[in-house]
Number of protein chains: 2
Amino acid sequence: MTTPGQASQLRLATFRLARRLRTHKSDDSVTDAQFTVLGALSRFGPHTLSALAERERVSAPSMNRTVNCLEEAGLIMRSEDSADRRRTNIEITASGTDVVTRTVSKRDAWLTERLNELSHEDHVALARATEIMARFADQ
Amino acid sequence: MTTPGQASQLRLATFRLARRLRTHKSDDSVTDAQFTVLGALSRFGPHTLSALAERERVSAPSMNRTVNCLEEAGLIMRSEDSADRRRTNIEITASGTDVVTRTVSKRDAWLTERLNELSHEDHVALARATEIMARFADQ
DNA sequence: TATTGTTATACTCTATAACTATA
DNA sequence: TATAGTTATAGAGTATAACAATA
């Protein structure tokens, strides 16, 4: 059974940790929204514009603008879909992959330091919680 | 020992859950940034403009704009500081407090629904992880 | 007719620089 | 001279509405 304060505690801890992590910005040339798109392209491969918009839960015009910025910076590439000429395939470039790699390692360094000091039991609990949180986020 | 992807997974899950929780607002007329300011005023009492800007880690002009929107909506009130006439004290109104209360209960209701479907083991792990995340955020 | 991507338009959030009033 | 708040200006992210090209 869920106790009343449990949801509040999880909500506050989530917001506070997200905020704390956000203060560890590494690369000023790429914004958070742009980096999130690069990360999605890096992890899941090429997307159409609408697939990217749906994944990030933003409108197609909004995603189009972000993708335009990334294209101008040479971090993504558009290419026509040979089967359906309405579609545009969007994929990350070598430069884009490089940005992801460097940024992730910088962003996660702070977190990794703290994870390394946890007990084995805490590690297991945190890994399990991470899966649950990701599942919640998808619902 | 911390495996390479663990920090990334925790970071992503935290960002995604925070983002998901943020979609639950009581009122679409209040944006995320505005609601965060209302929450700070509700929890910590009146602030000067620069104190609010510092707490939210944004520039004074940026905070000024957000505060203007909240004032026009009747959710906060400005009043002159009697001791130092350069200062403006910013406090939440009854309407503002109402928005905070309704939004918080809505967010926790959504979270509680999902918590209630977890196994006992998942509950324990999540509670333990919540404590760890809060501790990380304070460091 | 429906779908995909895009453009037009408008609003918020963000920043830096410069200005006003006060200490 | 220094500080608190504000205004001016500009760039990015967000949305809805409307449009062209294609299925």
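Worth knowing before you read on, the calculation uses all heavy atoms, side chains too, and leaves out hydrogens, waters and symmetry mates. Below, chain A is the first sequence line, B the second, and so on; all start at residue 1.
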Below 4.0 angstrom from OP1 or OP2 of [N], is there any side-chain N or O of [X]?
| X | N | value |
| --- | --- | --- |
| T31(B) | dT14(D) | no |
| S50(A) | dG5(C) | yes |
| R78(A) | dT4(C) | no |
| T88(A) | dT4(C) | no |

In whole Å, I'd like the distance from the [atom1] atom of [X] to the [atom2] atom of [N].
| X | N | atom1 | atom2 | value |
| --- | --- | --- | --- | --- |
| E72(A) | dG13(D) | CD | P | 11 Å |
| L75(B) | dT12(C) | CG | P | 14 Å |
| H47(A) | dT4(C) | NE2 | C1' | 16 Å |
| L52(A) | dT6(C) | CG | C1' | 15 Å |
| N68(B) | dT14(C) | CG | C1' | 15 Å |
| E80(A) | dA21(D) | CD | P | 14 Å |
| M63(B) | dA4(D) | CE | P | 15 Å |
| R85(B) | dT3(D) | CZ | P | 20 Å |

How about CD on E71(B), more than 12 heavy atoms from neighbouring residues, nucleotides or ligands closer than 6.0 Å, or not?
yes
When we call it a touch if two heavy atoms are under 4.0 Å apart, what does [X] touch: a base, just sugar-phosphate, or nothing?
| X | result |
| --- | --- |
| S59(B) | base |
| R65(B) | base |
| N64(A) | base |
| A60(A) | base |
| R87(B) | sugar-phosphate |
| D32(B) | nothing |
| S62(A) | base |

Apply the side-chain hydrogen bond (donor to acceptor under 3.5 Å, both in side chains) test between R78(A) and each candidate in N89(A), N68(A), T88(A); give the one that qualifies.
N68(A)
Presence of donor-acceptor pair under 3.5 Å, side chain of R86(A) and base of dT3(C)
yes
NZ or CZ of R107(A) within 45° of F35(A) ring axis and under 6.0 Å
yes
Can you say whether the rings of H24(B) and W110(B) are parallel (under 30°), tilted (30 to 60°) or perpendicular (over 60°)?
tilted
Is the shortest distance from a Lys or Arg side-chain nitrogen in R20(B) or D138(A) to a carboxylate oxygen in the other one below 4.0 Å?
no
Closer than 4.0 angstrom, basic N to acidic O: yes or no for D32(B) and R19(A)?
no
Between C69(A) and A83(A), name the one whose nearest nucleotide on DNA chain D is closer to the 5' end.
C69(A)
[X] side chain: which of [options] is closest?
| X | options | value |
| --- | --- | --- |
| L49(B) | dG5(D), dT14(C), dT7(D) | dG5(D) |
| P61(B) | dC13(C), dA8(D), dT14(C) | dA8(D) |
| T66(B) | dT22(C), dG5(D), dT14(C) | dT14(C) |

